[in-house]
Amino acid sequence: MASEGGHESGGMSGYISHHLTYLANKVQHGLFDINVLHLDTIFFSILCGLLFLIPFYFAARRSTAGVPGRFQAFVEMLVEFVEEQAKGMVHGKLTYIAPLALSVFVWVALMNAIDLLPVDLLPWIAHNIFHIDYLRPLPTADLNGTFGMAIAVLLLVVFYNIKVKGIGGWLHQWVTAPFGMVKITANPLTWLGAIVLAVVNALFTAIEYVGQTLSHGMRLFGNMYAGELIFFLIAGLGGTATVLGMAGHLIMGSVWAIFHILIVLLQAFIFMMLTLAYVGQAHEHH
């Protein structure tokens, strides 16, 4: 197995380094290389999206007005929960907001849940069946994946700002929030003050958008990356331990996996709530 080779040749650091290597279309040169695609992140993101969309689509098609089945009851409970959260965050029509929130929550939760699988399972399958030497299957531990979702949310925020306020209203908000606008009179100084304040407002608005996007992506990435590393450390210790040590490794892994279930769901919930908060701000008039 590829990971075992890395473990034997480089010890714990080699084992972890191997598991942190992405399946990419080419070698990355430099900190930022737009030509590099992490194929494993793309594949598992799409796979988790399909695992959400297909069952929920058929649940909607086969839904009944009478006594629902177990899966339909679960879906309805989840939809009601997300819709209640959306009502508290977004003031306006929820025709598209609630389904957006539901999609974000379930999709991120499914991607996070990949971290609960044994760390060597998917790389072993990839190596022995598909002859793939490197595979990092957790999309939310990839900064490209989390920032991609955060940027998508930013684009939605821009879209709803323009849809709700119009292009003129949105641009007006750029030059009037958060410090307001100087009342223009015949005095030339008021014109100068208005221009300076408009520039300051636009600068703060740009910083707000950039800060929201960075924190949105970094928060999910940081938590999932840390959890992933702990699983790698526990798995690496198990490969070199005694019988007693292996028992301890099994206990530690089980305890961390149980605790990590909470992290998986909590981080999906936080990502959804931040999405609702940012989209909700787009519905507010300043």
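Sequential numbering from 1 along the given sequence is applied to the chain's residues. Predicted, not measured: the structure shown is a model, and the values here were computed from it.
When all heavy atoms of Tyr22 and Ala141 are compared, the pair lying nearest together is OH-O, 3.4 Å. Scanning both residues, Asp115 and Gly227, for their nearest heavy atoms gives OD2-C, 3.7 Å. Residues Ala282 and Tyr160 come closest through the heavy atom pair CB-CB, 3.9 Å. The two residues Asn223 and Arg219 come nearest to each other via the heavy atoms ND2-O, 2.7 Å. Here the closest heavy-atom approach between residue Tyr209 and residue Trp170 is recorded as OH-NE1, 3.1 Å. Tyr278 approaches Ser215 most closely through the heavy-atom pair OH-OG, 3.7 Å.
Residues Val175 and Met181 meet the side-chain proximity criterion, which asks for heavy atoms closer than 4.5 Å. Taking 4.5 Å as the limit, every side-chain heavy atom of His38 sits out of range of all side-chain heavy atoms of Leu23. The closest side-chain heavy-atom distance from Lys26 to Asn35 is below 4.5 Å. Side-chain contact between Leu122 and Pro137: present, with at least one pair of heavy atoms (C-beta onward) separated by less than 4.5 Å. Put simply, the side chain of Met149 reaches to within 4.5 Å of the side chain of Val108, judged on heavy atoms.
Using bins of under 30°, 30° to 60° and over 60° for the plane-to-plane angle, the ring pair Tyr15/Phe232 lands in the perpendicular bin.
Of the possible polar contacts, none joining the Asn25 side chain to the Leu39 backbone as a donor-acceptor pair under 3.5 Å is found. Under the 3.5 Å distance criterion, the side-chain polar atoms of Asp33 are left unmatched by any main-chain donor or acceptor of Gln28. Between the His18 side chain and the Asp133 main chain, a donor and an acceptor come within less than 3.5 Å of each other. Between the side chain of Trp107 and the backbone N or O of Ser45 there is at least one donor-acceptor pair closer than 3.5 Å. Side-chain atoms of Asp40 do not come within 3.5 Å of backbone N or O of Leu135 as any donor-acceptor pair.
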* Asked: Does the ring-ring contact (aromatic ring centres under 6.0 Å, His included) test come out yes or no for Phe231 and His260, once each step is laid out?
  -> CA-CA 10 Å; Phe231 275 123; His260 201 61; 5.2 Å; yes
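Atom CD1 of Ile97 and atom CD of Gln85 lie 14.5 Å apart (nearest 0.5 Å).
Counting only N and O atoms by type, the side chains of His19 and Asp120 include a donor and acceptor under 3.5 Å apart.
Of the candidates Thr146, Asp142, Asn144, Asp142 is the only one forming a side-chain hydrogen bond (donor to acceptor under 3.5 Å, both in side chains) with Thr41.
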